[in-house]
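Here's the structure, in structure tokens; my notes come after.
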Number of protein chains: 2
Amino acid sequence: MTTKQTSDVIDVPADFAGIPKLDDQICFALYSASGLMTKLYRPLLEPLGLTYPQYLAMMALWEQAPRTVGGLGEALGLDSATLTPLLKRLEAGGFLTRRRDAADERRVLLELTAKGQALREPAKGVAVQILCQFPRLSAAELDGLHHILAKLIAGLRETDVEAPAD
Amino acid sequence: MTTKQTSDVIDVPADFAGIPKLDDQICFALYSASGLMTKLYRPLLEPLGLTYPQYLAMMALWEQAPRTVGGLGEALGLDSATLTPLLKRLEAGGFLTRRRDAADERRVLLELTAKGQALREPAKGVAVQILCQFPRLSAAELDGLHHILAKLIAGLRETDVEAPAD
DNA sequence: TCCATTTAAATCGTGCACGATTATTTAGTA
DNA sequence: TACTAAATAATCGTGCACGATTTAAATGGA
């Protein structure tokens with residue numbers, strides 16, 4: 001509390017100087033919610049042998065396969081530095097295969113194995129259980145949350161693409 | 001392939017079986033938004049010598065110090081396995097000190113150094129710049145987002161505390 | 001007093017995440 | 001054809017995150 005009026009320390013409208021934490025709390029809320037969500041998934045995904053990021057990768061491949069590492073990375077917002085080791089673990093687990101594209105040896109094609117395909121059904125159960133365990137937010141609230149997040153993400157992606165050329 | 005009507009594979013209402021991705025997209029949206037947000041902070045925090053989690057720790061200490069590692073962990077939702085190395089880096093950077101509490105040698109007290117205190121003002125500038133770079137969401141939307149996230153987090157924390165005794 | 005229990009941090013092992021760099025292949029062009 | 005430039009993954013180094021375990025200190029009885 002007791003945030004004083006140090007309105008001349010930085011050259012911004014006094015309105016902002018007095019509330020230096022509110023925006024951070026939205027960021028912190030996103031950070032916290034994301035972490036807690038991952039924790040919620042952990043015990044459900046563990047029996048399947050997946051972590052949450054691995055589950056995301058599998059979902060992307062259930063939607064479309066084969067895909068390249070780059071294509072998957074674009075879908076998930078991750079780069080090869082993160083994906084390559086993750087995909088190697090999924091390959092070691094027998095969920096997918098990685099092979100160079102014969103038509104373009106720079107690309108690596110990801111393909112699901114039978115085991116990877118088979119995981120799709122139990123994964124649906126996970127999604128349902130998450131829904132059930134979900135804190136009591138109304139469908140309208142969930143919808144609103146999803147809608148605003150989509151807008152936020154679109155804006156953040158723009159900034160992420162344009163600003164680095166600063 | 002070709003997801004058929006296997007409505008008896010899992011014992012849930014058929015309504016859910018058909019929409020196995022919607023809830024995940026909220027989770028994925030949280031995950032993505034959180035990551036993009038951290039990326040937005042990075043170039044602003046780098047000149048200060050902080051990462052985003054370190055910035056969160058400093059914010060908690062600007063609000064209240066001295067604090068114990070456990071107290072900080074409760075505020076941030078992190079445990080000592082994450083905090084101990086992070087705090088050692090902040091100590092190595094000269095931002096804070098760690099010392100055993102003489103009254104209870106189990107506890108470690110965190111105290112800001114002059115350098116750590118001094119960082120508070122430029123950190124306010126970071127918060128302002130984040131607000132400015134922020135994608136065009138109305139104040140009402142930001143408010144709504146924050147409100148729903150708070151509700152979500154409260155529910156997730158409950159689940160996180162109660163469910164593990166399963 | 002002594003000892004089991006609880007509490008608090010630190011440590012260990014695994015896995016994610018990213019900026020920066022490197023290696024290889026393809027494409028474009030003089 | 002040769003030679004640069006662009007594209008694609010992989011690699012490297014640093015730092016976060018968490019479950020599980022370990023170490024040490026405080027607490028609460030018999």
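What you are looking at is a predicted structure, and each value in this text was computed from that prediction instead of being measured. Proteins come first, then strands; the chains are lettered A, B, ... in the order of their sequence lines, and each starts at number 1.
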### Message
Base of C:dT7, side chain of B:Arg106 - is there a donor-acceptor contact under 3.5 Å?
### Response
yes
### Message
Any side-chain N or O of B:Lys88 below 4.0 angstrom from OP1/OP2 of D:dT14?
### Response
no
### Task
Please check the phosphate of C:dG15 (OP1 and OP2 only) for any side-chain N or O of A:Tyr52 closer than 4.0 Å.
no
### Any A:Thr68 side-chain nitrogen or oxygen under 4.0 Å from OP1 or OP2 of D:dA9
yes
### Query
Between B:Arg100 and B:Glu105, is there a side-chain N and carboxylate O pair less than 4.0 Å apart?
no
### Query
Within this structure, what is the CG-to-C1' distance between B:Leu45 and D:dG15, rounded to whole angstrom?
14 Å
### Summary
Nucleotide by nucleotide, nucleotides 18-23 of chain C touches protein heavy atoms under 4.0 Å in the pattern (B base, S sugar-phosphate only, - none) BB----
### Query
Taking CZ from B:Arg67 and P from C:dA9, how many angstroms apart are they, rounded to a whole number?
12 Å
### Task
State plainly whether the residues B:Lys124 and B:Glu121 are in salt-bridge range, i.e. N to O under 4.0 Å.
yes
### Message
Please report the interatomic distance CG(A:Leu72) to CG(A:Leu76), rounded to the nearest 0.5 Å.
### Response
4.5 Å
### Task
Return the stems involving DNA chain D, sorted by first number, where pairs are Watson-Crick (N1-N3 with N6-O4 or O6-N4) or G-U wobble (N1-O2 and O6-N3), both under 3.5 Å, and runs are 3 or more long.
C:1-30 with D:1-30
## Note on the structure
A:Leu61 and A:Leu112 have their tightest heavy-atom pair at O-CD1, 3.7 Å
#### Entry: Phosphate OP1/OP2 of C:dA8: any B:Arg107 side-chain N/O under 4.0 Å
yes
### Query
Atom CE of B:Met37 to atom C1' of C:dA17: distance rounded to whole Å?
17 Å
### Query
Counting only N and O atoms by type, is there a donor-acceptor contact under 3.5 Å from the side chain of A:Thr113 to the main-chain atoms of A:Gly94?
yes
### Summary
Closest to the 5' end of DNA chain D, once A:Gly71 and B:Asp104 are matched to their nearest nucleotides, is A:Gly71
### Task
Mark yes or no for whether A:Ser80, through its side chain, and A:Leu83, through its backbone, hold a donor-acceptor pair below 3.5 Å.
no
### Query
Roughly how many Å is it from CG in A:Leu72 to C1' in D:dT8, rounded to a whole number?
14 Å
### Message
Rounded to whole Å, please give me the gap between CZ in A:Arg100 and P in C:dT24.
### Response
10 Å
### Task
Write down the distance between CD (A:Glu91) and P (D:dA9), rounded to a whole number of angstrom.
15 Å
### Message
Treating A:Trp62 as the side-chain partner and A:Ala57 as the backbone partner, does any N or O pair qualify as donor plus acceptor under 3.5 Å?
### Response
no
### Task
Round to the nearest Å and state the distance from B:Leu86 atom CG to C:dA17 atom C1'.
15 Å
### Message
For A:Lys151, is there an ion pair with B:Glu141 - N to carboxylate O distance below 4.0 angstrom?
### Response
yes
#### Entry: Nearest-Å distance for atom pair CD/P, residues B:Gln54 and D:dA17
10 Å
### Task
Map B:Glu105 and A:Gly70 onto DNA chain D by nearest heavy atom, then report which one ends up closer to the 5' terminus.
A:Gly70
### Task
First locate atom OH of A:Tyr52, then atom CZ of B:Phe28, and finally report the distance between them rounded to the nearest 0.5 Å.
7.5 Å
### Message
Using side-chain heavy atoms (C-beta onward) and a distance below 4.5 Å, is A:Leu45 in contact with A:Thr51?
### Response
no
